[in-house]
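Each remark here refers to the structure printed beneath this line.
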Amino acid sequence: MDTMLETSQLTKTYRNQRGIRNISLRLNAGDVYGLLGPNGAGKTTFLKLVTGLIRPDEGKITLFRQDLIDHFEAGMQHVGCMIESADFHDFITAGQYLKMVRRYYPDVTEHRITQVLEAVGLISVRNDKIKHYSTGMKQKLALAAAILPNPKLVILDEPTNGLDIDGMVMFRRIIQQLSEEHGTTFLISSHMIHELEQLCNRVGVIVEGQLVREGDVRDLLAGGQSLEQFYIHELESRKGEKSVV
Amino acid sequence: MSRWKAGWINELSLLVHRKKIIAFFAFSLLLPVLLAVSLHALQPVLGLVAVSQSFPIQMLSIYTSAWIPLFIFTVTADLFPNEAASRTLKLAFLRPNTRFKVFFAKVAALAAGIGALLVLLGAATLVCNVFAGTALSLAAGMGVFKAYAAAFVSMVALSAVFVFISQWFKSATGFMVFAIVLYAALKISSFLLGAMSTFSPASYTDWHMLWIHPTVAAGKLWSTSLYLLSSGVLFFALGYFIFDRKEV
């Protein structure tokens with residue numbers, strides 16, 4: 001099976017001593033991988049590392065079997081991202097922004113812009129300046145920009161933040177469609193555990209900067225427990241370990 | 001190269017969508033006209049031919065000492081500290097483009113802005129000459145072209161210094177204030193200290209005058225050209241060194 005993303009002993013420590021430690025993770029083609037963890041656990045740090053926004057202190061990141069730092073352009077050519085908050089140059093329109101994104105991908109047509117704007121429900125406001133958008137609309141635009149180049153791997157950090165119920169349904173539908181019809185691989189960090197339960201085939205739990213557990217959703221749910229119960233159990237057992245220590 | 005070009009065109013299109021940049025260009029179109037009209041109105045009082053054939057060069061000295069540096073500070077603040085503060089830098093970092101290309105595209109967009117501003121100011125100034133009945137001969141026109149081309153080089157070298165400085169700031173306002181104070185200090189110090197006038201890129205804002213001076217030695221032109229070029233390369237490299245290590 002093709003490996004899309006692989007990290008080995010990935011470590012990053014900030015000045016405040018927070019960060020992540022020795023995270024090794026592999027994403028195979030077609031995986032929809034959910035990253036779970038409490039606030040400040042290190043999920044965003046991990047996603048920033050695998051997209052080159054920050055550099056690791058130790059460890060290795062390979063995208064499509066190539067080292068990310070040495071082959072950044074080649075690796076990122078097939079990656080669509082939405083990291084942390086949806087921030088834009090708000091004095092331009094959504095259409096203008098996506099046109100700017102399109103310039104990096106010679107194969108992406110003008111029609112594709114219309115296609116993704118329709119998919120996320122922003123086609124009617126494509127000529128409105130982004131400063132007039134709500135948080136949810138910006139989130140949808142970020143998703144549109146992430147999927148615009150038909151990426152093989154999509155990395156989404158809290159993609160449902162600010163979305164209304166319709167928006168969450170739309171988000172789930174897009175991921176399912178891309179995954180089933182195009183075999184797109186996803187790495188999603190989210191607090192919306194029910195969404196992840198419906199979408200993901202694999203999950204990993206990050207607590208205090210470490211990947212404490214990962215596995216197939218089907219196996220984890222085999223005992224009749226929900227993903228939420230599994231997650232809570234992982235956190236509780238972690239707390240238990242600490243209190244014993 | 002195509003990815004660098006994509007980044008460069010994106011930076012340029014962001015520049016032309018910024019209201020303050022549009023205002024800068026609009027006022028640049030009016031500035032020579034306003035100066036020419038006011039000088040023309042003062043002509044009977046002063047008894048001088050206000051808009052003479054040297055008007056484009058006289059105006060160029062004003063542009064390069066104050067107006068274009070102000071443009072450089074404004075654009076640099078938008079391209080670097082403002083993007084860091086508004087967290088939009090990641091939009092370029094998350095695309096298949098290396099940090100060097102992102103940085104180079106931003107600096108090239110700034111240089112293109114400086115070039116466009118000089119062209120606009122030069123054209124508006126020449127139009128003023130035509131209306132004042134002191135249109136330039138071909139030889140004088142070539143001299144003006146040479147001076148504006150030289151001014152472009154000195155302004156780009158100056159911009160490299162401030163691009164480097166901007167890497168230390170996370171606030172556009174903070175950078176603007178610091179840049180203006182520093183520029184004023186460099187200008188004053190070059191009057192007080194001889195060495196500063198040789199080694200500070202800020203004291204080369206009237207470098208174009210050397211190029212139109214009839215008796216200037218070729219060696220002087222050569223050495224100052226090399227100095228500006230090396231200063232530009234040095235500050236570009238230093239700026240990139242910090243930019244490459246930015247964590248967003």
Side-chain angles (χ1 to χ4, degrees), chain A residues 12 14-15 19 44-45 47-57 63 68-93 96-108 129-131 141-142 145-146 148-149 151 154-155 157, chain B residues 1-25 74-75 77-106 108-109 170 172 240-248:
Chain A
K12 172 77 183 176
Y14 294 114
R15 280 181 196 159
T44 299
T45 299
L47 297 186
K48 281 184 173 184
L49 282 165
V50 298
T51 51
L53 286 179
I54 55 176
R55 298 243 170 104
D57 298 333
L63 264 177
L68 178 69
I69 293 169
D70 295 340
H71 303 276
F72 184 80
E73 284 189 8
M76 292 301 282
Q77 179 69 27
H78 305 289
V79 179
C81 312
M82 182 176 161
I83 305 291
E84 230 172 12
S85 50
D87 303 300
F88 298 98
H89 300 102
D90 59 6
F91 49 86
I92 57 170
T93 68
Q96 285 166 339
Y97 171 63
L98 292 180
K99 209 170 171 178
M100 284 170 59
V101 174
R102 188 175 82 93
R103 287 198 182 102
Y104 293 107
Y105 310 93
D107 298 337
V108 175
K129 286 194 174 160
I130 300 171
K131 66 180 165 195
L141 179 58
L148 182 78
V154 180
I155 299 173
D157 186 14
Chain B
M1 188 64 185
S2 65
R3 289 188 180 119
W4 174 81
K5 195 177 160 193
W8 182 58
I9 294 170
N10 284 350
E11 293 298 341
L12 284 178
S13 61
L14 285 172
L15 277 187
V16 299
H17 281 103
R18 285 188 161 100
K19 276 184 186 162
K20 63 182 122 173
I21 304 299
I22 297 167
F24 236 106
F25 275 81
T74 309
V75 176
D78 272 345
L79 287 174
F80 296 100
N82 191 38
E83 291 236 351
S86 60
R87 295 192 288 191
T88 48
L89 210 49
K90 70 180 175 195
L91 297 176
F93 286 171
L94 290 172
R95 296 295 156 195
N97 220 5
T98 59
R99 290 216 178 179
F100 178 76
K101 287 182 185 172
V102 173
F103 182 75
F104 188 23
K106 283 179 177 292
K170 284 183 179 171
Y240 168 66
F241 181 79
I242 303 169
F243 185 79
D244 187 43
R245 276 149 186 78
K246 271 193 193 303
E247 298 203 327
V248 292

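Proteins come first, then strands; the chains are lettered A, B, ... in the order of their sequence lines, and each starts at number 1. FYI, side chains are in, hydrogens and waters are out, and symmetry mates aren't considered; it's all heavy atoms of this structure.
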NZ/B:Lys90 to CD1/A:Ile54 distance, rounded to the nearest 0.5 angstrom? 12.5 Å

Atom group of A:Ile83 that falls short of 4.5 Å from chain B, counting heavy atoms: both

Gap between atom CG of B:Asn10 and atom CZ of A:Arg103 - 0.5 Å precision: 5.0 Å

Nearest 0.5 angstrom please: A:Met100 CE to B:His17 NE2, how far? 9.0 Å

Could you look at A:Glu84 and say if it's the side chain, the backbone, both or neither that has a heavy atom under 4.5 Å from chain B? both

Residues, nucleotides or ligands: over 12 heavy atoms within 6.0 Å of B:Phe241 CZ: no

Residue part contacting chain B, namely of A:Ala145, when any heavy atom lies under 4.5 Å: both

Please state whether the side chain, the backbone, both or neither of B:Leu14 comes within less than 4.5 Å of a heavy atom of chain A. both

Residue, of A:Tyr97, A:Phe91, A:Phe72, that accumulates the most heavy atom pairs under 4.5 Å with chain B: A:Phe91

Of the listed A:His78, A:Arg102, A:Gln96, the one with the largest count of heavy-atom pairs under 4.5 Å with chain B is A:Gln96

Contact class of A:Leu53 relative to chain B, heavy atoms under 4.5 angstrom: both

Can you see which heavy atom on B:Val248 is nearest to which on A:Lys48, and at what distance? O-NZ, 3.1 Å

Spatial distance of atom OH (A:Tyr104) from atom NZ (B:Lys101) [nearest 0.5 Å]: 10.5 Å

To the nearest 0.5 angstrom, please state how far the CZ atom of B:Arg18 sits from the NE2 atom of A:His89. 5.5 Å

What part of B:Arg245 gets closer than 4.5 Å to chain A, counting heavy atoms only: side chain, backbone, both or neither? neither

In this structure, CG of B:Leu94 is separated from CE of A:Met82 (nearest 0.5 Å) by 11.5 Å

So, the part of B:Asp244 with a heavy atom under 4.5 Å from chain A: the answer is both

Between B:Thr98 and chain A, with a heavy-atom cut-off of 4.5 Å, which part of the residue counts as in contact: side chain, backbone, both or neither? both

Heavy-atom distance under 4.5 Å to chain A: side chain of B:Lys246, backbone, both or neither? backbone

Options B:Arg87, B:Arg95, B:Arg99, ranked by heavy-atom pairs under 4.5 Å with chain A, top entry: B:Arg95

